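Reading through the structure tokens given below for one structure.
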Amino acid sequence: MKAVIWMGTSKEALGQFPETAQDSLGYELYRVQCGLHPKDWKPMTSVGAGVREIRTRDEAGIFRMIYLATRSEGVYVLHCFQKKTSQTSRSDVELATKRFKAIPR
């Protein structure tokens with residue numbers, strides 16, 4: 001199983017989500033650590049090659065986790081956020097991109 005590498009404040013942001021969203025995203029992240037795909041995901045090529053987004057929804061809203069799992073050292077969690085509009089905000093994409101570029105090559 002791969003380690004989880006939290007970038008920036010992504011772990012703290014996840015901790016602010018409702019418990020149901022935390023549980024759902026945590027389970028899906030565990031699946032990624034085990035080499036499986038999450039149940040609901042999409043590629044985030046606008047952030048970087050190999051970057052994906054786990055998607056979950058509960059009564060409190062829509063929640064996302066952007067991650068990179070192609071590196072041998074672990075799964076990099078780039079950003080966790082609550083989505084408030086139909087499109088991912090520019091600031092969320094820019095923050096994930098900044099953290100993606102900070103991963104040692």
Side-chain angles (χ1 to χ4, degrees):
M1 180 172 23
K2 286 186 174 183
V4 175
I5 302 164
W6 300 94
M7 300 295 288
T9 59
S10 57
K11 188 173 186 177
E12 292 81 6
L14 178 63
Q16 298 298 311
F17 292 174
E19 192 172 322
T20 54
Q22 288 183 48
D23 289 347
S24 177
L25 289 170
Y27 175 73
E28 297 304 328
L29 180 59
Y30 172 75
R31 288 177 53 86
V32 171
Q33 286 180 270
C34 293
L36 303 170
H37 291 292
K39 291 178 192 167
D40 188 4
W41 66 275
K42 74 171 193 171
M44 291 292 290
T45 55
S46 59
V47 174
V51 176
R52 294 181 173 177
E53 175 183 71
I54 299 173
R55 308 183 299 185
T56 192
R57 174 188 304 256
D58 74 1
E59 55 277 348
I62 301 168
F63 300 90
R64 302 289 191 252
M65 176 184 285
I66 299 177
Y67 70 95
L68 176 71
T70 58
R71 303 289 299 270
S72 61
E73 61 272 20
V75 178
Y76 286 87
V77 178
L78 304 175
H79 187 36
C80 297
F81 61 99
Q82 182 172 6
K83 194 167 176 181
K84 304 207 187 255
T85 62
S86 61
Q87 268 196 317
T88 303
S89 75
R90 174 184 279 198
S91 62
D92 287 318
V93 172
E94 287 174 352
L95 180 56
T97 302
K98 179 181 174 186
R99 290 177 179 170
F100 174 74
K101 289 179 178 177
I103 295 172
R105 303 282 177 223

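Side chains are part of it too, since the values below use all heavy atoms of this structure and drop only hydrogens, waters and symmetry mates. Because the structure is a prediction, the values reported are computed rather than measured.
- Heavy atoms only, all atoms of each residue included: A102 and M7 are closest at CB-CE, 4.1 Å.
- Atom NZ of K2 and atom OG of S72 lie 7.0 Å apart (nearest 0.5 Å).
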- Stepwise side-chain contact (heavy atoms from CB on, under 4.5 Å) check, L78 with I103: CA-CA 10 Å; L78 304 175; I103 295 172; 3.9 Å; yes

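- Pairing each heavy atom of L14 with each of Q22, the nearest pair is O-CG, 3.2 Å.
- Taken from CG in L29 to OG in S24, the straight-line distance is 11.0 Å, to the nearest 0.5 Å.
- In terms of heavy-atom proximity, A96 sits nearest to I66 at CB-CD1, 3.9 Å.
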- Message: Run M65 and T56 through side-chain contact (heavy atoms from CB on, under 4.5 Å) and show every step you take.
- Response: CA-CA 9 Å; M65 176 184 285; T56 192; over 6 Å; no

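- Under a hydrophobic-cluster definition in which Ile, Leu, Val, Met, Phe, Trp and Tyr are linked whenever side-chain heavy atoms come within less than 4.5 Å, directly or via other members, V47 and L95 are assigned to different clusters.
- Between the OG atom of S89 and the NZ atom of K84 there is a distance of 10.5 Å, given to the nearest 0.5 Å.
- Residues F63 and P18 meet the side-chain proximity criterion, which asks for heavy atoms closer than 4.5 Å.
- A cation-pi geometry, defined here as NZ or CZ lying under 6.0 Å from the six-membered ring centre and within 45° of its normal, holds between R105 and F100.
- In this structure the side chain of R52 never reaches within 4.5 angstrom of the side chain of M44, judged on heavy atoms.
- No continuous path of ILVMFWY side-chain contacts below 4.5 Å connects I5 to V75, so the two sit in separate hydrophobic clusters.
- Of the possible polar contacts, one joining the R31 side chain to the H37 backbone as a donor-acceptor pair under 3.5 Å is found.
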- Query: Going through the checks in order, is the side-chain contact (heavy atoms from CB on, under 4.5 Å) test met by V77 and K11?
  - Reply: CA-CA 8 Å; V77 178; K11 188 173 186 177; over 6 Å; no

- Task: In sequence, state the C-alpha distance, the side-chain angles, and the governing distance for F17 and D58, and then conclude on side-chain contact (heavy atoms from CB on, under 4.5 Å).
- Result: CA-CA 11 Å; F17 292 174; D58 74 1; over 6 Å; no

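- Checked by atom type, the side-chain pair R99/T9 shows a donor-acceptor distance below 3.5 Å.
- Residue-environment remark: CZ (R71) exceeds the threshold of 12 foreign heavy atoms within 6.0 Å.
- Shown here for V93 and S46, the closest heavy-atom pair between the two residues is CG1-OG, 4.0 Å.
- Within a 6.0 Å radius of CD in E73, more than 12 heavy atoms belonging to other residues, nucleotides or ligands are found.
- Of the inter-residue distances, the one linking K42 atom NZ with R64 atom CZ reads 7.0 Å to the nearest 0.5 angstrom.
- Linking ILVMFWY side-chain heavy atoms closer than 4.5 Å, directly or via other members, places V51 and Y76 in a single hydrophobic cluster.
- Judged purely by atom type and a 3.5 angstrom limit, K83 uses its side chain to pair as donor or acceptor with the backbone of S86.
- For the pair E59 and T20, the minimum side-chain heavy-atom distance is below 4.5 Å.
- V32 and W41 are members of different hydrophobic clusters when ILVMFWY side chains are connected at heavy-atom separations under 4.5 Å.
- Environment of CD in E19: sparse, with no more than 12 heavy atoms of neighbouring residues, nucleotides or ligands closer than 6.0 Å.
- Atom CZ of F81 sits about 10.0 Å away from atom CD1 of I62, to the nearest 0.5 Å.
- Although no hydrogens or angles enter the test, the distance criterion places no donor-acceptor pair under 3.5 Å between the side chain of S10 and the main chain of W6.
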